[in-house]
Structure formats: C-alpha cells, structure tokens
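Lettering of chains follows the sequences in order, A, B, ..., and the numbering in each one begins at 1.
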Amino acid sequence: MSYHFNEIEAKWQKYWSENQTFKAKNNSDLPKFYVLDMFPYPSGAGLHVGHPLGYIASDIYARFKRHKGFNVLHPQGYDSFGLPAEQYAIQTGQHPALTTEDNIKRYRQQLDQIGFSFDWSREVRTSEPEYYKWTQWIFIQLFESWYDKNNDKASAISELETIFSTEGNANINAVCDEDINNFSADDWNAYSSEEKQEILLKYRLTYLAETEVNWCPELGTVLANDEIVNGVSERGGYAVIRKKMTQWSMRISAYAQRLLDDLETIDWPQPLKDSQTNWIGRSKGALVKFKIQDSEKNIDVFTTRPDTIFGVSFMTLAPEHELVHEITTPEQKDAVTNYIEKSAKRSERERMADVKTISGVFTGAYALHPLSGEEIPIWIGDYVLAGYGTGAVMSVPCGDQRDYDFAKHFGLPIPNIFEGKDISEEAYSEKEGVIIANSDFLTGLSYKEATQKAIEALEAINAGKGKINYRLRDAVFSRQRYWGEPFPVYYVNGLPQMIAEEHLPLKLPEVEKYLPTEEGEPPLGRATNWAWDTNKNEIVSNEMLNQVQHDEPNKDVTPSGVEGSSVKGIYPLELNTMPGWAGSSWYFFRYMDADNDEHFVSEEAQKYWENVDLYIGGSEHATGHLLYSRFWVKFLYDRGMVTVKEPFKKLINQGMILGMSAIIRRNSEILVKKTDGTSEIIKNDPPVFISERGVEANAEFTENGKRGTMNLSVSEIPLIKYEEEKEFELREQYENLQSTAFKYEWLHVDVSFVNPATREIDLQKLKNWQSEFGKAKYYLTSSGKMYAKNEVEKMSKSKYNVVNPDEICSQYGADTLRMYEMFLGPLEQAKPWNTAGITGVHSFLKKMWKLYHNDEVFVVSEEKASPDSMKTLHKTIKKVTEDIEEFSFNTSVSTFMICVNELTVQKCDQREVLEPLAILIAPYAPHIAEELWSKLGHDSSITTAEYPVFEESFLVESTKQYPISFNGKMRFTMELSLELGKNEIEKAVMADERTQKQLEGRTPKKVIVVPGKIVNIVG
RNA sequence: GCUCGGAUGGUGGAAUUGGUAGACACGUUGGACUUAAAAUCCAAUGAUCAGCAACGGUCGUGCGGGUUCAAGUCCCGCUCCGAGUACCA
C-alpha cells in the first residue's frame, strides 16, 4: 500500500471538521494555552506560500501543546476592512463586502487544505457589523475616558466632571491638550453645556483636533506621505499643500512611559522591542521658557542639553509655530510670509529628504535669555519640526551641528562654551568629557553637573523645568475612506455626540460611488441615509436634516451626550471612517467569546484565557498594530474591562518568504534638447523593451548546481545599440537637436516566462501575454534573445511572482508542504522560495510510510524493540521536544529524517517505537499521523494522544569515540570506556601506536583530557 | 548618520554554546533495476597536493590581529550585505 496523500489528507480534513476536533472549551480542568496568528487581510490574490509559514509554525506549536495536555485556543479570522477592496470597488463599482466575501471563501479553502487545527467556530471578521459593533463600543469607552497622571491610569470622564464642578481644574493632573486655562468650580458650573463639552474634549482619550495633513485640493482628499512625489500628487500631478484638518485622534502619548516600561515584562524579540523603544523615543531634558522682548508671550523650547544654555546665540521656530505671525516685525513680514508659504508647499517627506539645503528667515523679534537677560534673535527655519517637542529650539551652534550649519549660513555668532574644544570646523556634540566654559555659574562643571544646576536655576526663577519628552505622537484615527468602521458619532452644533451602546452597531451606509464627493467630503458624504434621529435612535435620510428645526439645540445637551440627551432631533453623522488598525487592536479578545452579543468578551472567558501566550506574525507591524494593540489593552485594563496589561506574552516574528521576480527595462520617453535651448519630450509609443543582458560582460550563473560564466561581447549590448540608432533617427527629424536623454523604467513580467538559470525570456509567451507587450518593439541581443533581470522580493500580484500553495498540495500533499516550509531554514529568517528541495521532504514521508508497511500491507509487530531502535526513538523525542520549545522547526525536520533513516536500517517494525513516532510527527504532518494512528488500532483522533516521554536510560552509553587531537588538530578517534578517569584515558591514548606515530618520538609537553569530550596532546 | 541583524561547500542550511566544522536535504557524478523512461535503491561528493595503497599531507567558516591546550563560536580593528529609522533639538 503506497502513500496516497491526497486521499488521506481529504479524509482527515473531513474528519476534523465533522468531529469539531479543534473546538476549544471555555472551561476545562486542563491548563489553558492561547496560540494566535496575525489574522490575514483577505486579498484578491489568494494565499501564497509565504502566508502559511507562520501559520504552520503556530499550528505545530498548538498541536504540540494539545499533546502535552493543554486546553488550546487556536483561532483564525480576517482583517477584512481595508484599502485594496475599496480600490477595487472604485474601479469596478462592485461592493467591497462582496469582493471581501469571495476572497474569504478562497482563503478558507486554501487554509483548510493545509490542515490547520483552527477552531473555526470562533472566526471573526472585522468588517462584520456584529464585530465592529464592539470596535465602535471601545471607541466610545475611549471617548468617555481621560488620563489621570496622578494615578497613572485612565478614568471615567464623569469623574472629571464631578471634580470640575466641585473644585475646578486646579488640582487636575491630566494628559490633555496644552491650551487649557484654569477655571474654578464656580466658573465650571457657570459654563454653558457647549462650553463644558469643548473643554472635556481636550481631556478625552479620543478627541477631535486640528491635525496637519497633506491635502490635495484638486483631488479633494488627504494623501498619505507615500502618495506624494516631488510635492505633487502621484496620480494626476496636482499640487499638495499641508493643511490643518479636524480629525479624530487617539491620545496614545498618555501611555508612552507605560508602553516603554512594560516591554520588559513581555517575551518579544529584542529587535522588535528596540524598534518600539526608538519609536516611542523618550528623551530627558528640560523645558525652557524664553520671554519675548516687548511682549507678554513666552516661547517654550525643549532641550536635552540645558547645560549649554549659555551657548544660545539665536532661537529657531518651525514655520508653522503659532507665535510666528504675532512676533514678526513689520519690516520682516513679507520675507516671513513668503518663507512660510514656500515651506507649506513642500511635503513633509520632501522636507526630510532635502536636509542639506539650509533655509530660514529672521522674524525681526528678539527673545530674552532667561539667565543672562541677553537679547536673542528669533528666526524661523524648516529644520525645526512643528510636530516634535514644542516646535521651537534654543539654538546652540557650538553644540549642535544643525544649529552650527544654520549659524554659519546666516552669519550668526557661534560662541564656544566648551573648555578646550575646537569648534572652528564643526559643532562639538559629545556629552561625555566636556567641561563647560564661559557660562557664568556653570563654568567649570561637567555635562552632568551643569545640566542639574541649569535646571535648578531655571526652576528657581520659574523659567523652566526638567522634562521628559517623547517622540511618539498621538495617532490620527480618521480616514476619508468608505470601507472601514463608521464612527458612532453624530454632531450637534458641531460638537460630537456618541450614539448610545444599545443602538450599536451603526452600520456602514450604501453609497452609489466609493469616491469623495465633489465638495471634498469623504465617500460617506454620498450616502443618502446618513443622519441620526435621536427620537427614534436610528439612521434616517439626510433630507430630514433640513426639515427639522433645531431650536437652540445645544442648550440642554448633557456634557457627554451619551445618556439622557434631552435634545431630540435629526443630526448629521460622522463622515470619516476608522483606520485599519481599529479592528485589529482588540480582536484577540473577541476569539475568547466570539458570539457574545452582550459584551465584547465576557468577564469569565477573558479571565480564563487571559491573553495570548504565543503570537506569531511579521515584524512589519512593529510600530503599528503591535503598539496600538498594547495601547488599547492598557486602556481596557485601566477601565477594568480586562485583567491583563499586555495582549501578547510571547511573540515570534516569522521571516518573509520572498519570490523571484523578473523585470525588464523599457524606454517610453526621450527628452530632446535643442540648440535653441528649448526641449521636448518624445513619447515612445509603443514603448521599446531592451534586453537586460550585456551590462556586465561576464555574468555568473548557477545551473543545476554548477556554476558557470556567460561571456558577452560589447557588441551584444542592446542598450547602446538602441540609443545610437534612436539618436541617429532623431537627428534626421530634428535639425537643431543638441542632446538626448533616455528615460528608462523597469517593468515586472510573469516569472514563468523566464528561465531561472539563464534569465532568458520566452519572447513568444511574453508577446501573447499582455497587449502592451504584444505591440511593443524589442531590442534583443545579437543572438536574438531577450534577457530579464532577476530580483528577490516580496511576493505580490503586481510583480507576477506569486507561488500558491495549492499546486504543491495537490502534487506533494499538505504534510509535505508543512514540513518543507519548516525545513527551508530558521523561522525568523527571510528566505527566497524555491521548490528545489521539496522532493527530499516528500520522499522522507514516503520512507516513513514504508516503516509501517511491508509489501503494501500495514504491519507492526508487538514484540520488544531493539535497544538501537529505542535509542533512536528517545534521541528523537529529546531533540524534537527541545526544538519545538525553541521554535527551531527546521532542525526537528532533520531529526525526523535521521530517525526514519536509522529505523529503516534497523528494520524496525515494533509498535513500541512506531506508535510514539506517529505522535511525535503529528504536529508537523498531522494527516499521515492520523492515518497511521488509526491503522495502529485507535478509533479516536491522535490530536490528544499523550506526548511520548523522554527516558535518559535508553541513551546511556558505556563507551565513546574520543577524538584524539594533536595541537588542536583531530588526527584519529579511539573508542574508550566512559568510566575511565583522566589518567586512565591519558594512559590508553599514549599507549596507542597511532599516538606514537604522530609524536615521532617527541615527548608531549602537555596532555589535555576532558573526560567524555576530547583529548588534546600538545607537543 | 543612528539602531539592530547577518556573512559557513555548487545550493538551503547544521554544529551539544569554546571541544571531531559541513548534520539533514537539494544538486552533481558513478552504479543497480528496466527494452526505455519515471520511480526506487546503493556509493562518492569542501578545496587542494601526493599516491599502488591509507586511520596520508596542506588549506579551509567575509578580511586582519589577539586570547586559549583548543575559536565558526570569545575579545579588538575592518569590509560587504540586509532590515528598521531619521533635520527628534
């Protein structure tokens, strides 16, 4: 009976599904274990071989834990809101929900065929109203909370109101907006309800605020940084300006320190912790207040070097700084306004890229040095970022290279305040080993002492204080998109009100197009039914908005607006939707209790499962999902909604599986410069494709394991040939042509057209493939061939390099795929996909199958196994168990191979060995293991079979092959009893004739004997 | 620039944490079976020198030093590659 993997795999997949083998119970006497994968975004391209890598690893672990007697929760779901479905909807008009549904079906089918042990009864989809109801609910909880710095936790906003009404805000120590004035209880009580709401909004953990965004007026939309090229929109080339827009934000900055501190409590890879640490970017320094001359106003700056305060020779503000207009003198007004306009036109990215150009302008105003009282000119410069610190710096040119460059450029003074340091060429920015000079009372002090003294001095005159600053900014939570969670928010007189919990979910409305409106509103602005009726508590038609008169609607609104709002009417709903990370920031709780429609997770279920014990996913989420999730969990913990402070106890990053893509060069534009100074762009239509070969004269390649070189003569360089011919042609056309410049671009083509060894393209297939390639002209090598460039990169539909697991499953089976993906190399490492070694893994499984069969018939003997076989088995148990616990799956696959090879040689057919072996391999190759298990006479699944226990006694050896080395070089081995002591070993070794031969009569200087390990003779 | 990670045969990768470098697999070569192919099995396979023979010699883990009886592994100084991040005051 040979190994019919297709039948076996289909049979057991059906069995698992029918028997709900992997359904987890929410109560059990067994200890719990929660294994989770980062849930996928169901893209149209389907699952490629890179996706399952992490899933296979976590599945092995989950199955291992079941054998070890744990109640395992191993769920899966879909992060189903997102941009690709929306883009597709814009192009085709198809509703994203339908596309998403189709994609999910395909994903599920692909996942099922790999044999994962997911508990599908707990599946979640972030785009389902039953799910996003709770995302909206959490949003409301954030809105209903503020951050109390005294207790260092989030608290209910109602508490804050109580405090305000009894003692004002004098004693409040909160993380909040900066522009809050002090008020007393009487003030508060006298405020109108609208004023109260405005104030409270500045304290809430999710709040509306003006945020600077990249706005494209022509397209009527906000653009992300990467959608802007050279200051214009990538699509259409329209101007992009930085603009302030009102957006929902999350006050994640309140949690900066806790997010940093608690990294120590979780078992995550160090690089990932490092990148979160850098992202949070804590820096210690001081806030210093500079008085503006002839003004009541101050400029606050943040500095990490208060010790250099006497080195300040000017100040620089970000162009967006709020005081700029106010302080600018009339003479400088034009220059300043000009500069601000110019810098507003530059995108943030452009500004960052262009670090070398120094620009700035003097405001005409002066500040007063808080300690010396000197006049300090105030400049603006775009090297100062509005978003970091206070958007203003005290410039110390001798100690900071940027300040130094700025000072040099504009001829500002560069006073030296460092003892014995040369600053004639560049700033001296080292902190250690400096002695401060020319600095009044700081002179002669070290960096450390001076820093402390300076802060004390500033605090004494109320001109500054020690401060810790974080790079982490509050997260913008609004997106001008359709396919996302609607905010449960309506507006009364411009102030946001929450829809009460019992009326959730607020379902996404239908729209006729998924584009922004002509007025520049987000797609939800197109919805005709998108107004909230507070009488009926339901969505009504927008038309109703105009029909209902609101008589002083703000008058009686309760501050929070959630419960008992007495203002009844029809109000507009929020038009933005939530970002992609909303739904993924809490989904791990939902799996614990996926069908609960009373709570986002029940208290019992959460207390039982706590949090995720093992989380596997890509490191690209280091500063996104993994940070936001931690933030939300901490918030939920503060408000008593969950009992854990962290979502994921242990995290493993699986490396990406890369694909080989083929790219070819084409020329579509030529810039023609003419002698009269004008120029013209010629469009090459159809474009011309130029073979890549010939750039290097000798190209190395590997073919069937053999290396070779390919020699190409210069005459074969098609690029030069093309340019020469084309230029000749153009000279005939243009009499006044001066020079030509060819613009090339690289295009991805289907990898299956390219011979991986020679990189030669099958030109006929290419031409038949897409109309563009059919119409194009080709410049081939002199041998008439077209070559592509190979590149190893991320698998993606647009690069035509996606390898689906489906073919592998049908050709070799899921068990082979699972083991092969593990065998490829260490889990964390990125590696290119290649199927070269897959036959090795497949024949291993066939070989293992044969161990249990004799001439096509299943045979196991009940006799006692040989000591050799028992030793092989127990060696394997030991190694595989250790490997799983260390997530070293590639080496455990090798161990299985060694084990089967040895047992085959031993002709082992005893149940005593073969039954435990089936359990050992079950996590890796569950289908074949189930089949063998049932043939071994078991009528239930192998899933919960007890994991074999390693027994040292089978491995005990009496002798060892000692390596005998001379001066550290191993010359031969000797079999010696392990019972021998040092001296006896030395005696035996010295007595051996081979030793004497090596020594050639010399007497060894020293003999090192490490019993059980090695003998080294030094001579 | 800064932070982190890496470099081992023709290839993917092992190496008990300082103790026989190259496990396991692919590929390649030779052989067996077969009319033939596929499949399967057996043997060889780091480079190099020598040779009738072998438990032969030399070199060998990116480069240069060092510590040690012993270094892929530890220390110092580089080179190259990859990832993240960046005018962060």
Atom [atom1], compared across [N] and [M]: separation rounded to whole Å:
{"N": "G5(B)", "M": "A43(B)", "atom1": "P", "value": "43 Å"}
{"N": "G60(B)", "M": "G72(B)", "atom1": "C1'", "value": "11 Å"}
{"N": "U34(B)", "M": "A23(B)", "atom1": "P", "value": "33 Å"}
{"N": "G22(B)", "M": "A7(B)", "atom1": "C1'", "value": "16 Å"}
{"N": "G46(B)", "M": "A25(B)", "atom1": "P", "value": "15 Å"}
{"N": "C55(B)", "M": "G6(B)", "atom1": "P", "value": "40 Å"}
{"N": "U73(B)", "M": "G18(B)", "atom1": "C1'", "value": "7 Å"}
{"N": "G13(B)", "M": "U8(B)", "atom1": "P", "value": "9 Å"}

Quick one: sort the [X] and [Y] rings into parallel, tilted or perpendicular, breaks at 30° and 60°.
{"X": "F896(A)", "Y": "F844(A)", "result": "tilted"}
{"X": "F972(A)", "Y": "F966(A)", "result": "tilted"}
{"X": "F410(A)", "Y": "W379(A)", "result": "tilted"}

Taking any heavy-atom pair under 4.0 Å as a contact, classify [X]: base, sugar-phosphate, or nothing.
{"X": "N834(A)", "result": "nothing"}
{"X": "P826(A)", "result": "sugar-phosphate"}
{"X": "V1018(A)", "result": "sugar-phosphate"}
{"X": "N1016(A)", "result": "base"}
{"X": "K846(A)", "result": "sugar-phosphate"}
{"X": "F823(A)", "result": "base"}
{"X": "N901(A)", "result": "sugar-phosphate"}

Provide the Watson-Crick or G-U wobble partner of [N], both distances under 3.5 Å; none if there is no partner.
{"N": "G56(B)", "answer": "C49(B)"}
{"N": "U34(B)", "answer": "none"}
{"N": "G1(B)", "answer": "U85(B)"}
{"N": "A21(B)", "answer": "none"}
{"N": "U79(B)", "answer": "A7(B)"}
{"N": "A39(B)", "answer": "none"}
{"N": "U16(B)", "answer": "none"}

Under 4.0 Å from OP1 or OP2 of [N]: is there any side-chain N or O of [X] that close?
{"X": "Q401(A)", "N": "A89(B)", "value": "no"}
{"X": "R971(A)", "N": "G57(B)", "value": "yes"}
{"X": "N967(A)", "N": "A70(B)", "value": "no"}
{"X": "R402(A)", "N": "C88(B)", "value": "yes"}
{"X": "K1013(A)", "N": "U20(B)", "value": "no"}

Pair T872(A), Q906(A): side-chain N/O donor-acceptor within cut-off below 3.5 Å: yes

Donor on one side chain, acceptor on other, S892(A) and Y924(A), under 3.5 Å: yes

Chi class for G51(B): syn within 90° of 0, otherwise anti: anti

Syn/anti state for U40(B) [syn: chi within 90° of 0]: anti

State which of [options] makes the closest approach to the side chain of [X].
{"X": "T304(A)", "options": "A89(B), C24(B), C41(B)", "result": "A89(B)"}
{"X": "T839(A)", "options": "G19(B), C24(B), G27(B)", "result": "G27(B)"}
{"X": "K831(A)", "options": "G13(B), A86(B), U3(B)", "result": "G13(B)"}
{"X": "V1010(A)", "options": "G19(B), C26(B), C24(B)", "result": "G19(B)"}

Integer-rounded Å distance: U20(B) C1' and K969(A) NZ: 14 Å

Check ion pair E902(A)-K875(A) (N to O, under 4.0 angstrom): yes

Ring center gap for F314(A) and F406(A) short of 6.0 angstrom: yes

H853(A)/Y3(A) aromatic ring centres below 6.0 Å: no

Residue whose nearest RNA chain B nucleotide is more 5′ - G968(A) or N278(A): N278(A)

